[in-house]
Protein chains: 2
Amino acid sequence: MPETTRRADRPADRLSGTRYGNRPTMKDVAARAGVGLKTVSRVVNGEPGVTPDTERRVQEAIDALGFRRNDSARVLRKGRTASIGLVLEDLADPFYGPLSRAVEEVARAHGALLINGSSAEDPEREQELALALCARRVDGLVVIPAGDDHRYLEPEIRAGVATVFVDRPAGKIDADVVLSDNYGGARDGVAHLIAHGHRRIGFIGDMPRIHTAAERLRGYRAAMEDAGIPVEERWMSLGATDPVRVRRAAEEMLAGPSPVTAIFAGNNRVTVTVVRVLAEQSRPVALVGFDDIELADLLQPGVTVVAQDAAALGRTAAERLFRQLDGTLVQPERIELPTRLITRGSGELPPAG
Amino acid sequence: MPETTRRADRPADRLSGTRYGNRPTMKDVAARAGVGLKTVSRVVNGEPGVTPDTERRVQEAIDALGFRRNDSARVLRKGRTASIGLVLEDLADPFYGPLSRAVEEVARAHGALLINGSSAEDPEREQELALALCARRVDGLVVIPAGDDHRYLEPEIRAGVATVFVDRPAGKIDADVVLSDNYGGARDGVAHLIAHGHRRIGFIGDMPRIHTAAERLRGYRAAMEDAGIPVEERWMSLGATDPVRVRRAAEEMLAGPSPVTAIFAGNNRVTVTVVRVLAEQSRPVALVGFDDIELADLLQPGVTVVAQDAAALGRTAAERLFRQLDGTLVQPERIELPTRLITRGSGELPPAG
DNA sequence: TAGAGCCTGGACAACGTTGTCAGATGCGCG
DNA sequence: CGCGCATCTGACAACGTTGTCCAGGCTCTA
């Protein structure tokens, strides 16, 4: 049949509607066990009021047919899905692994499953994902925002979808947010470099439209200003953090007559690339990175970082989400978790050249 | 005894049944727009046969009420959820990040969402998770097995749940499997060490009940045997791969009168710990690790590894899953992806001592 | 031995959506 | 002006489960 679908380009529309491969239902089980439908339901759900003998008969029928309760139908009836959604930027990013896992653990403790998807830093994809999750009636949503306007979630929140934003604040709506102290962490990290004698300090960060990136840049500027150091434009690089771009940025600020003697790297990806670039330099350049990276202590020198606790971010957010669902929470709040400066050598190098 | 739907200790049972916070339904939209229920359905799904004027009225009502289609009800009707489940070991493990992401991308391309959970290497939890996903009627399941008996999935597979196992084979059932060539990779890695003059080579791996661990051990033994080197018991450590245990194992094989001159590390976690231990040794010890690790090239010396392509594993598995759903696939198959030896220095060190 | 009360089991409606089908409407044409 | 046809619309059942409520059978007591 030529179905002329007008806007059938939405995800869920693309799978066709073949039935489950003929799965047994409670009705089938009931027929086989010679009992009523509701009795099967009672057995499946461990409700009281079934004689051991009847229960045994039902159980046998269940085993024989390979019955498994259809939670979709159950959800329709009960109104709760016991699942929460997580919209993050990139599952493959080592920063989000622990965060994701922490959210999952909390969900598990509350008997909920986790559905997650990556926005790939694309606001439109974030929205598409979040709304798809809402259509599935997740009980709650943990969002690591890619966009800066979340008014599209207003009807959902009003309808009772618990919502918590992590890592970056929500845009244009009032909602729970759990953040790291990006500003303070960056400021301290840069101040650390200044304390070790640096004055020409480079900053390589992500696009400033990303909240964390903007905050870290603000921290950098604050530390410099506190020390009375005027920042030169060419010390700063703000843009995509792919290796090619970062490498060029680093090499540029390390070239010329008065190169930077230290670099502050705005996130884990930047840090990794900068470490590579610095390894190729003839003179030592100090480095402090935002986000911890694995094996940072084993490099020569060890990489000094401003570490944030990704797991704590996820855990805190998820716990807050379930407290929203409990009804114990009313007022949206902004929670800021502290960062920690871990000195390993690279940030304590004195200025060279 | 076949495990079945039983008692009320299952996750989904713990959330109580409060209704959605009074969400508008198609009926409400229909009432407000002054049209029939089915017409709303048509508009929502972009079906043909609605005049522009009617469509506009319906659309306005949708916007005004903040209506969002309830996919649970839709699923109940259509029989497909457009979602697939992924059961893995630990979301936070850097090896599974890219794998997970790859599965997600394929799912996305097919318009499906991804629900995932961590088994924490616990067979019971694996089963609980997989069955919970089936109860939600995921269309398919990608499983990284923790246990070695998957007969509990037989009714599900028979009922049409597409199933693919990744990284490790299924136990006691016939199903699609996508693996790395663990045996060949380990054998080549160890042979590489032997080629560089080593004879006393240690092996530190995971519990042999884990298929990958067993295969890699087999590869180690094969390489040693091919070279005519009798393996001493104390060169091998097979057990949990927590840092404490691995550290002790490494230190033990490096002590005594005839210590190993090289170590083959059975997975990424082991490699990381061994690198730490070796950094403390006075004499150089060669190292080849299974799985690539970030920044391996920047360590002194760079860490030689047998790399597997986690993303390719995930992608291949997910694609196979959707081909099962298409009906293009019939016979279960075992697909083995090659590994790649990446030399960076640590594996090319000559024997010392 | 009759009545009260408890326990078990089942009929039925409802959850929100989609597929089916038939009715209503409008249009062109004889 | 009426008929056929195409187009648009809506009533209704069904998806598989759970909550409500009542019937029937049993035990227990007076």
Side-chain angles (χ1 to χ4, degrees), chain A residues 1 3-6 8 12-13 15-20 22-31 33-58 62 65 67-82 135-137 159, chain B residues 5 8 12-13 15-20 22-31 33-58 62 65 67-82 135-137 159:
Chain A
M1 309 296 123
E3 262 190 9
T4 25
T5 34
R6 257 182 240 172
D13 293 80
L15 278 192
S16 69
T18 34
R19 285 236 79 62
Y20 315 112
N22 236 353
R23 290 195 82 117
T25 70
M26 285 193 177
K27 203 165 135 190
D28 302 323
V29 175
V35 301
L37 180 54
K38 184 62 219 230
T39 301
V40 176
S41 173
R42 274 195 270 264
V43 172
V44 169
N45 294 296
E47 284 167 27
V50 181
T51 44
D53 182 59
T54 309
E55 170 164 0
R56 193 186 41 72
R57 285 215 322 283
V58 171
I62 288 176
L65 295 173
F67 167 81
R68 180 110 31 224
R69 179 179 66 194
N70 184 335
D71 275 355
S72 290
R74 173 170 229 252
V75 159
L76 182 58
R77 208 39 249 255
K78 303 199 73 130
R80 282 272 167 121
T81 55
R136 272 163 216 244
R137 296 294 187 268
Chain B
T5 315
D13 293 86
L15 280 193
S16 68
T18 34
R19 284 237 78 65
Y20 316 112
N22 237 353
R23 291 196 82 118
T25 70
M26 286 192 176
K27 203 167 137 189
D28 301 324
V29 175
V35 302
L37 179 54
K38 181 64 218 225
T39 302
V40 176
S41 172
R42 274 193 269 265
V43 171
V44 169
N45 295 296
E47 285 167 28
V50 181
T51 43
D53 182 58
T54 310
E55 170 164 359
R56 192 184 43 70
R57 284 213 325 281
V58 171
I62 288 177
L65 294 174
F67 167 80
R68 180 109 32 223
R69 180 178 65 194
N70 184 334
D71 275 355
S72 290
R74 171 169 229 250
V75 159
L76 182 58
R77 209 36 252 251
K78 303 200 70 131
R80 282 273 167 121
T81 55
R136 273 165 213 242
R137 297 294 188 267

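Note: hydrogens, waters and symmetry copies are ignored here, and every other heavy atom, side chains too, is used. Sequence lines set the chain letters: A, B, ... in the order given, protein chains first and strands last, and positions in each chain run from 1.
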Looking at B:Glu47, is its backbone amide N or carbonyl O close enough to the side chain of B:Asn45 to form a donor-acceptor pair, meaning the two atoms are under 3.5 Å apart?
no
Is B:Thr54 near enough to D:dT9 that one of its side-chain N or O atoms lies under 4.0 angstrom from OP1 or OP2?
yes
Rounded interatomic separation in angstrom, taking CG from B:Leu65 and P from C:dG16
14 Å
Counting just side-chain N and O atoms, does A:Ser41 come under 4.0 Å of either OP1 or OP2 of D:dT18?
yes
Go nucleotide by nucleotide along DNA chain D from the 5' end; which of B:Thr39 and B:Ala73 gets its closest nucleotide reached first?
B:Thr39
N/O donor-acceptor pair under 3.5 Å between B:Arg68 side chain and B:Arg23 backbone
no
Nearest listed nucleotide, side chain of B:Phe67, among D:dT18, C:dT17, D:dG16:
C:dT17
Please evaluate the base of C:dG19 for a donor-acceptor partner in the side chain of B:Lys38 within a cut-off of under 3.5 Å?
yes
Which heavy atom in A:Arg136 sits nearest to a heavy atom in A:Thr81, and how many Å separate them?
O-CG2, 3.5 Å
Calculate, to the nearest 0.5 Å, the distance between atoms CG and CG belonging to A:Asp71 and B:Leu76 respectively.
11.5 Å
Separation of D:dC15 P from B:Met26 CE (nearest whole Å)
19 Å
Degree of bending, the helix from C:dT1-D:dA30 to C:dG30-D:dC1 (end axes from five pairs; round to 10°):
50°
A:Asn70 side-chain N/O to D:dC15 phosphate OP1/OP2 under 4.0 Å
no
To the nearest Å, how far apart are A:Lys78 NZ and D:dG19 C1'?
9 Å
Between atom CG in A:Asp71 and atom C1' in D:dG16, what is the gap in whole Å?
11 Å
Minimum-distance pair of heavy atoms, taken over all atoms of B:Val35 and B:Arg57
CG1-NH2, 3.3 Å
Expressed as a whole number of angstroms, how long is the span from B:Glu47:CD to C:dC21:C1'?
15 Å
Just how far, in rounded Å, is C1' of D:dT9 from CZ of B:Arg56?
17 Å
Grab the CG-P distance between B:Asp53 and D:dC8 for me, whole Å please.
12 Å
Contact summary for B:Val58 and B:Ala33, nearest pair of heavy atoms
CA-CB, 4.0 Å
For the CD1 atom of A:Ile62 and the CE atom of A:Met26, what is their distance to the nearest 0.5 Å?
7.5 Å
Distance in angstrom units between B:Arg74 CZ and C:dT17 C1', rounded:
9 Å
C:dG10 base / A:Arg42 side chain donor-acceptor hit below 3.5 Å:
yes
